Amino acid sequence: MTDSEIKDEGNLEPTLPFSPRVFSEHLLEWYKLAGRELPWRQTRDPYLIWLSEIMLQQTTVAAVIGYYRRFLMRFPRLTILASAPLEEVIDLWAGLGYYARARNLHATAQELVENRGGEFPQAVDELMMLPGIGRSTAGAIAALAFDQSAPILDGNVRRILCRVFALDELPRSGSADKKLWKWAESLTPQHRTHDYTQAIMDLGALICTPKSPRCDQCPVESLCLARSRNLVDMLPMKTPRKKIPTRHQLALLLVNRERCLIQRRPPNGLLGGLWEFPGFETTQEEPFAAIRQHCAGRRSISEVRLLGHARHTYSHFHLEVDFYRVDLVPYDGIAEGTEQWLPLVDLEQLPLHGAHKKLLPLIGA
DNA sequence: AATCCGGGGTG
DNA sequence: CACCCAGGATT
């Protein structure tokens, strides 16, 4: 037995029902055989790892892969990303959601190039000072790019630890959070942290899944308290969710000489920097009067008709959109501010946000 | 501690 | 459709 093994045993957390070393060894052995090959796993380049981790926040691997490739095609290096206009970064992010991630990505790239010689810091607490990088993402970058012994606590790890330790609390509570981070820290080995980190993410994605986990294939089944107590299907505890309100909106296809008016949303807040049809929120049903009111004094309307409806759900409200085509008496439309007259045939390529993208099939009707 | 941020998948 | 999933910033 080596010195480090003796020391590990000596530091064993009294709350841990097993040796962290056994846990990580079983996990690493499984990973060698069953680990996934992903586009961002052939590298230790912190730029590539950082990009993948930001894209993977709140997002599945399947949804990310295409965006990751397109993004790197356009921004293959940190310096190129830093010198690009934010609008181009948003355009490549369109459809991926949580657009603050794209703004923070751009801000971090500029911060690193301007103040750190284009290099990522290696320490977790320094990584956490960068926009869009919290404790878990900082840990992932430190572990994957720099092979540091830093824990992560993403959704996969959170679910695994809730089960392995049979945590009898809501997993997002402050109290649970403290315990989970402590456990994550205790289980993260001093060596081979790069592989360990990818292994535990894969365990969550492939074996310890939210529904129907494959416990019979799990490398740490013998250590899992939820398994031995037959609680796997009850854990993690489900946080009660509140019901969300519904908002109504009118969106307008303002048509003038085969072009329509579109506008870019302000850079911050909901769907920041994405394009949309002009429109307004409504509380009651007076569509035609409201539309004429909305367009009053701007241009002459020749015809208004309803094209259809779309529903879209955000994290905290439902949106119902009524889509109207408004044909204008042809005139020389001048776009102002964030507006633009776009040929109708170009709408498909436009980085519209999800709710308005659902309206496009209605145009042909 | 609670709320704000999307979009995809399942049944 | 209803419901599930899931990091970081902000207030």
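Here the structure is a predicted model, which is why all the values come from computation and not from measurement. Values below: every heavy atom of this structure, side chains too, minus hydrogens, waters and symmetry copies. Order of the sequence lines fixes the chain letters, A, B, ..., with proteins taken first and strands second; residue numbering starts at 1 for each chain.
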Exercise. Would A:Y324 and A:F277 satisfy ring pair (Phe, Tyr, Trp, His ring centres under 6.0 Å), going step by step from the backbone distance to the final call?
Worked result: CA-CA 10 Å; A:Y324 287 87; A:F277 295 109; over 10 Å; no

Problem set entry | Partner residues of A:D177 under the salt bridge (charged side-chain N to carboxylate O under 4.0 Å, His left out) criterion, sequence neighbours left out | A:R158

For this session: Could you measure between the two P atoms, the one in C:dC3 and the one in B:dG6, and give it in whole Å?
Result: 23 Å

Exercise. Over how many whole Å does the gap from A:H318 atom NE2 to C:dA2 atom P extend?
Worked result: 6 Å

Exercise. Whole-Å distance between C:dG8 C1' and A:L153 CG?
Worked result: 13 Å

Problem set entry | Interatomic distance, A:D177 CG vs B:dA2 C1' [rounded to whole Å] | 14 Å

Exercise. Who are the salt bridge (charged side-chain N to carboxylate O under 4.0 Å, His left out) partners of A:K179, not counting sequence neighbours?
Worked result: A:E169

For this session: Decide if the gap between the ring center of A:W40 and the ring center of A:Y68 is smaller than 6.0 angstrom.
Result: yes

Exercise. Tell me: NZ of A:K358 to P of C:dC1, nearest whole Å?
Worked result: 9 Å

Exercise. When all nucleic acid strands are considered with a 4.0 Å heavy-atom cut-off, which category describes A:R159: base, sugar-phosphate, or nothing?
Worked result: sugar-phosphate

For this session: Could you say whether A:T239 or A:W181 is positioned toward the 5' end of DNA chain C, judged by the nucleotide with the nearest heavy atom to each?
Result: A:T239

Tabulate protein N/O versus nucleotide N/O from nucleotides 6-9 of chain B, keeping only pairs under 3.5 Å, one per line.
{"residue": "B:dG6", "atom": "OP1", "partner": "A:Y98", "partner atom": "N", "Å": "3.0"}
{"residue": "B:dG6", "atom": "OP1", "partner": "A:Y99", "partner atom": "N", "Å": "3.0"}
{"residue": "B:dG6", "atom": "OP2", "partner": "A:L271", "partner atom": "N", "Å": "2.4"}
{"residue": "B:dG6", "atom": "N2", "partner": "A:Q58", "partner atom": "O", "Å": "2.5"}
{"residue": "B:dG7", "atom": "OP1", "partner": "A:Y99", "partner atom": "OH", "Å": "2.7"}
{"residue": "B:dG7", "atom": "OP2", "partner": "A:H312", "partner atom": "NE2", "Å": "2.9"}

Exercise. When you check the phosphate oxygens OP1 and OP2 of C:dG8, does a side-chain N or O of A:T137 lie under 4.0 Å from one of them?
Worked result: yes

Seminar exercise, completed: From CE of A:M237 across to P of C:dC5 the rounded distance in Å is 13 Å

Problem set entry | Quiz item: cation-pi between A:R70 and A:Y67, 6.0 Å / 45° | yes

Exercise. Are A:T59 and A:R101 close enough that a side-chain donor and a side-chain acceptor fall under 3.5 Å?
Worked result: yes

Problem set entry | Distance between P atoms of C:dC4 and B:dC5 (Å, rounded) | 23 Å

For this session: Provide, to the nearest angstrom, the distance between the CD1 atom belonging to A:I244 and the C1' atom belonging to B:dC4.
Result: 13 Å

Exercise. Tell me: CE of A:M234 to P of C:dC4, nearest whole Å?
Worked result: 14 Å

Seminar exercise, completed: With A:Q249 as partner, the option from A:H356, A:H312, A:E320, A:E281 fulfilling side-chain hydrogen bond (donor to acceptor under 3.5 Å, both in side chains) is A:H356

Problem set entry | side chain to side chain donor-acceptor pair (under 3.5 Å) partners of residues 197-206 of chain A, not counting sequence neighbours, each pair once | A:Y31-A:Q198, A:R36-A:D202, A:R41-A:D202

Exercise. Separation of A:I160 atom CD1 from C:dA6 atom P, in whole Å?
Worked result: 11 Å

Problem set entry | Upstream residue (5' side of DNA chain C) when A:G155 and A:K238 are each assigned their closest nucleotide | A:K238

Exercise. Going by heavy atoms closer than 4.0 Å, what residues in residues 195-207 of chain A are next to DNA chain B?
Worked result: none

Exercise. Between A:Y47 and A:F75, does the ring centre distance come in under 6.0 Å?
Worked result: no

Exercise. Has A:K242 got a side-chain N or O lying under 4.0 Å from the OP1 or OP2 atom of B:dT3?
Worked result: yes

Exercise. For C:dC4, does either OP1 or OP2 sit under 4.0 Å from a side-chain N or O belonging to A:R241?
Worked result: yes

Exercise. Out of B:dC4, C:dC1, C:dG8, which nucleotide sits closest to the side chain of A:R311?
Worked result: C:dC1

For this session: Could you work out the separation of C:dA6 and B:dG11 based on their P atoms and round it to a whole Å?
Result: 16 Å

Review item, nucleotides 9-11 of chain C N/O atoms under 3.5 Å of protein N/O:
{"residue": "C:dA9", "atom": "OP1", "partner": "A:G132", "partner atom": "N", "Å": "2.7"}

Exercise. When you check the gap from the basic side-chain N to the acidic O, do A:R159 and A:D154 get nearer than 4.0 Å?
Worked result: no

For this session: Output yes when a side-chain donor or acceptor of A:W181 lies under 3.5 Å from a complementary backbone atom of A:E185, and no otherwise.
Result: no

For this session: Starting from the C-alpha separation in whole Å, work towards a yes-or-no answer on ring pair (Phe, Tyr, Trp, His ring centres under 6.0 Å) for A:F120 and A:W50.
Result: CA-CA 9 Å; A:F120 280 83; A:W50 165 64; 5.3 Å; yes

Exercise. Charged N to carboxylate O under 4.0 angstrom, A:E221 versus A:R163?
Worked result: no

